[in-house]
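Written out below as structure tokens is the structure these notes cover.
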2 protein chains.
Amino acid sequence: MIASARTIMLVDDHAVVREGYRSMLQKQPGLCVVAEASDGAEAYRLYKETGPDLVIMDLSMPGIGGIEAIRRIRQWDKRAKVLVFTMHQNAAFAVQAIRAGASGYVTKTSPPEALVHAVMDALSGKIAISPDIDHELALSHLAGETAAADLLTAREFEVLRMLLAERTTDEIASALHISPKTVANLHSLIKDKLGVGSDIELVRLALRQGILTQIDLSEP
Amino acid sequence: MIASARTIMLVDDHAVVREGYRSMLQKQPGLCVVAEASDGAEAYRLYKETGPDLVIMDLSMPGIGGIEAIRRIRQWDKRAKVLVFTMHQNAAFAVQAIRAGASGYVTKTSPPEALVHAVMDALSGKIAISPDIDHELALSHLAGETAAADLLTAREFEVLRMLLAERTTDEIASALHISPKTVANLHSLIKDKLGVGSDIELVRLALRQGILTQIDLSEP
DNA sequence: TCAGCGCCGGGAAAATTTCACGAGCGTGGC
DNA sequence: GCCACGCTCGTGAAATTTTCCCGGCGCTGA
């Protein structure tokens, strides 16, 4: 009763992590890893080439982030399924990822079965969210806290992420293929929406909300 | 053989902490707490009024910070002895405090006897440094890492601290009694010295070096 | 005494931030 | 269909900030 194998693409900038995915997934019958990418741009290119049934995507990667990659892939193929698998135990990222078109969001701290389970859910059209993220979402909802992710549009959040990653206005502009002037406008708009007056407050807000974590500081 | 009692002033913005100091110190014969202040400005004022033999000073306080307070006190009385007692287990702060004229630097995680011991050392003219800070200093020295504290002058470091505390240029200017223009000049100079191009990089550098900690984010 | 350095700030050029405005474009309701 | 709405992107000009260069002042060590 094995149908034709489902194809999967892995996207993560650490080869060892991709190896981990692979070893976990190949224990499942009916799954086949057909492509691997180490950054968002490569993921987009390889998706167009191989058209897998499912993409498993990390978020923090060099160049364009995972969320932007999801948006591009979904723009090219509206039926694309992308499952986010990331270290970020943060509701803000989950909201943005789902909004960008992700089919699920699983944190790397989840038990191994959770990924496999989420893969199956995603393949069958369901949306899978990690319990810890569910909890975060519920909490922030109950607290009535207006998270950055709720105030910002997808584009704005993307720019915020790149700003926090110490990228210059021009770098962001060329990465997103828009004018530096637009990035400056978004930068200003973001600060306005979040109610902060300076970049310093912006970083601190991002830290409080977990958009930027202490760990990110040592990464590129 | 008890000489005349040595007078001490306590400076900490939390009353309960001052109470702790007091209870520890009064077990020592020959010591007498003659004044208490809850911020840097009050400390300066009370020092001029009471002229204690030793000041025990916290660093993170509202208004002007502890380091600025040390500078002012030492400017008024070159022979003033100030012992820093703080939560900051960070070499950068120790370097700056000593540079500002502190007679010692003890962290709040140190065992109770350490404070008493440091008080005695300070009173007898010795400079007392916590073992953990000694270790930090040794480490960063061995690593050859150029810490922010080594590159910046006392004034620059002070301004950096206040910038990171989300204070505006004008607020800093009036707190330090200098022109906003000078603050802007210092801000620019700091970024230049630390080799960062934006405020965002500045905050991230400060976080990496422990000048700003995650904990500070929720405090005023 | 004098050179060096930190500190303070003015002035002007350069860069950035902000604001106002408008054109596409996709989405959802009628 | 068709309209209204919000998001995106961009321009241009004004307002503000950042940066650079300058000189004066006070302290310190040779």
Side-chain angles (χ1 to χ4, degrees), chain A residues 64 67-68 70-72 74-78 95-96 99-101 148-163 167-203, chain B residues 64 67-68 70-72 74-79 95-96 98-101 148-163 167-203:
Chain A
I64 67 169
I67 292 180
E68 174 68 12
I70 295 174
R71 288 183 60 241
R72 293 197 189 174
R74 293 275 301 185
Q75 193 169 321
W76 192 78
D77 174 6
K78 307 278 278 196
V95 168
Q96 286 297 142
R99 195 172 288 177
D150 290 334
L151 286 167
L152 302 182
T153 66
R155 198 53 150 181
E156 288 155 1
F157 191 80
E158 192 64 28
V159 171
L160 172 58
R161 247 182 37 79
M162 300 185 81
L163 283 170
R167 302 187 175 283
T168 65
T169 298
D170 291 306
E171 282 172 350
I172 298 174
S174 67
L176 298 181
H177 306 301
I178 59 181
S179 139
K181 181 73 192 195
T182 298
V183 177
N185 278 337
L186 286 170
H187 186 170
S188 174
L189 186 60
I190 289 166
K191 288 201 291 185
D192 188 38
K193 279 195 177 183
L194 299 184
V196 299
S198 67
D199 282 343
I200 289 176
E201 283 183 81
L202 187 64
V203 178
Chain B
I64 67 169
I67 292 180
E68 174 68 12
I70 296 174
R71 287 184 60 242
R72 293 196 189 174
R74 294 275 302 185
Q75 192 170 323
W76 193 79
D77 174 8
K78 307 278 277 196
R79 292 168 53 253
V95 169
Q96 286 297 143
I98 300 294
R99 196 173 289 177
D150 290 334
L151 287 168
L152 302 182
T153 66
R155 199 51 151 182
E156 287 155 4
F157 191 79
E158 192 64 28
V159 171
L160 172 58
R161 249 183 34 81
M162 301 185 81
L163 283 169
R167 300 184 177 284
T168 65
T169 297
D170 291 304
E171 282 172 351
I172 298 174
S174 67
L176 298 182
H177 306 301
I178 58 181
S179 139
K181 179 69 198 229
T182 300
V183 178
N185 278 339
L186 286 171
H187 187 169
S188 175
L189 187 60
I190 289 165
K191 289 201 290 186
D192 187 38
K193 279 194 176 183
L194 299 183
V196 300
S198 68
D199 282 343
I200 290 177
E201 284 182 81
L202 187 63
V203 178

In this structure, how many angstroms lie between the [atom2] atom of [N] and the [atom1] atom of [X], rounded?
X	N	atom1	atom2	value
A:L152	D:dT8	CG	C1'	14 Å
B:I190	C:dC7	CD1	P	10 Å
A:E68	D:dT8	CD	P	11 Å
A:Q75	D:dT8	CD	P	12 Å
B:R71	C:dG6	CZ	P	13 Å
B:L176	C:dG9	CG	C1'	14 Å
B:I200	C:dT16	CD1	P	14 Å
A:H187	C:dC19	NE2	C1'	16 Å

State whether B:E68 and B:R155 are salt-bridged, where the test is any N-O pair (Lys NZ or Arg NE/NH1/NH2 against Asp/Glu carboxylate O) under 4.0 Å.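 Salt bridge: yes.
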Please pick, from [options], the nucleotide with the shortest atom-to-atom distance to any side-chain atom of [X].
X	options	answer
B:A184	D:dT19, D:dC9, C:dG6	D:dT19
A:K181	D:dT8, D:dG10, D:dA13	D:dA13
A:E156	C:dT17, D:dT8, C:dC7	D:dT8
B:S179	D:dT19, C:dG6, C:dG9	C:dG9

Step by step, work out the side-chain contact (heavy atoms from CB on, under 4.5 Å) result for A:V203 and B:D199. CA-CA 9 Å; A:V203 178; B:D199 282 343; over 6 Å; no
Below 4.0 angstrom from OP1 or OP2 of C:dG9, is there any side-chain N or O of B:T182? yes
State whether B:S188 places a side-chain N or O below 4.0 Å from either non-bridging phosphate oxygen (OP1 or OP2) of D:dT19. yes
Does A:Q75, at its CD atom, have more than 12 non-hydrogen atoms belonging to other residues, nucleotides or ligands within less than 6.0 Å?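 Counting neighbours around CD of A:Q75, 12 or fewer heavy atoms of other residues, nucleotides or ligands fall under 6.0 Å, so no.
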Are any of the side-chain heavy atoms of A:V159 and A:L152 separated by less than 4.5 Å? no
So what does A:N185 touch, heavy atoms closer than 4.0 Å: a base, only the sugar-phosphate, or nothing?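 If one applies the 4.0 Å heavy-atom cut-off, A:N185 turns out to touch a base.
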Which residue lies more 5' along DNA chain D, comparing B:K78 with A:A154 via nearest heavy atoms: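 That would be A:A154.
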Whether the side chain of B:E201 engages the backbone of B:G197 through a donor-acceptor N/O pair (distance < 3.5 Å, no angle test) should be reported. yes
